[in-house]
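Model, not experiment: these values are computed from the prediction.
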Amino acid sequence: MKLFLVPTPIGNLEDITLRAVNVLKSADAILAEDTRTSGILLKHLGISKPLQSYHIFNEHGSVQRVIGQLKSGKTLALVSDAGTPAISDPGFLLVRECLRHDIPVECLPGPTAFVPALVNSGLPTDRFTFEGFLPHKKGRQTRLLQLANEERTMVFYESPHRLLKTLGQLAEVLGADRQASVSRELTKLFEETVRGTLTEILAYFGEKPVKGEIVLCVQGCEPKKGKDKKDYRSEQEPADEDDDE
């Protein structure tokens, strides 16, 4: 018995790994966020396996059923519509429950949207915080104010219809001249990354329809006065003089 978390392409189907294909082929069944979306991918890969629905709206009621299948000796693969399961997608509850029941869990490396967006942003990558989606209503302003003193690069997921609102609120709380980048449609035909200040990016997207999945990266604030600004690579401890003894 084993649960595999299998990342799937966020756009370009060639981004699937050979190992992911082999795990999907060998699994007894595949848990899918949307069986229709996963069915298209599996057909493209020439894989025919039973598909079971597992998404945010049924995961609380489905967890124990899945645990029962695993305990019976089955190997299951969990996939989301795109990217790595449990990263702003269903998966956390199932992983936690598997660990409680001593069921082996293995997550394969693979596609996830925020990594290429962060690297492409030109903002510091040595230290960053992944914030996922901001609260839509309750707690949104509180969370924004908490991030005002965040020194690490901040990474957000956002929907196209809320992007302008989020950029405007971030400019108001963090400062209009804070550097940022917006990546959309990553790995797809119309992939685009726009860099600049929050105000400049807001103006750019305010003049055109916004489409596609969005990753927003925002520069952290300057360290407080008197606080050392060190390169993480310089903080390694020196070798012990007695190591060779």
Work out which heavy atom in [X] is nearest to a heavy atom in [Y]; give both atom names and the distance.
X      : Y      : answer
Ala117 : Val215 : CB-CG1, 3.4 Å
Asp28  : Gly73  : OD2-O, 4.4 Å
Phe133 : Tyr157 : CD2-O, 3.3 Å
Pro9   : Asn12  : CB-O, 3.2 Å
Leu78  : Pro90  : CD2-O, 4.1 Å
Gly168 : Leu202 : CA-CD2, 4.1 Å

Assess whether atom [atom1] of [X] is packed by more than 12 heavy atoms of other residues, nucleotides or ligands within 6.0 Å.
X      : atom1 : result
Leu18  : CG    : no
Gln146 : CD    : yes
Lys188 : NZ    : yes

Nearest-0.5 Å distance that lies between atom NE2 in His60 and atom CG in Asn58 = 10.0 Å
request  = Find the distance between CD1 (Ile30) and CG (Leu24) and round it off to the nearest 0.5 Å.
outcome  = 4.5 Å
Side-chain ([X]) to main-chain ([Y]) donor-acceptor, under 3.5 angstrom:
X      : Y      : answer
Gln219 : Arg178 : no
Glu200 : Thr197 : yes
Ser72  : Gln69  : yes
Ser121 : Leu118 : yes
Asn120 : Pro116 : yes
Lys49  : Lys25  : yes
Thr84  : Ile87  : no

message = Check for me, please, whether Phe156 and Phe128 land in the same ILVMFWY cluster - side-chain distances under 4.5 Å, paths through other members count.
response =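 In one cluster: no.
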message = If hydrophobic clusters are built from ILVMFWY residues whose side chains come within less than 4.5 Å, do Phe92 and Val66 share one?
response = yes
request  = Indicate yes or no: at least one non-hydrogen side-chain atom of Leu167 is less than 4.5 angstrom from one of Thr199.
outcome  = no
message = As a quick check of understanding, evaluate salt bridge (charged side-chain N to carboxylate O under 4.0 Å, His left out) for Arg184 and Glu158, giving each step before the final call.
response = CA-CA 10 Å; Arg184 66 179 195 88; Glu158 193 50 278; over 6 Å; no
key: Set of residues satisfying salt bridge (Lys or Arg N to Asp or Glu O under 4.0 Å) with respect to Asp34, sequence neighbours excluded   = Arg36
query = By salt bridge (Lys or Arg N to Asp or Glu O under 4.0 Å), which residues pair with Glu106, not counting sequence neighbours?
reply = Lys2, Arg19
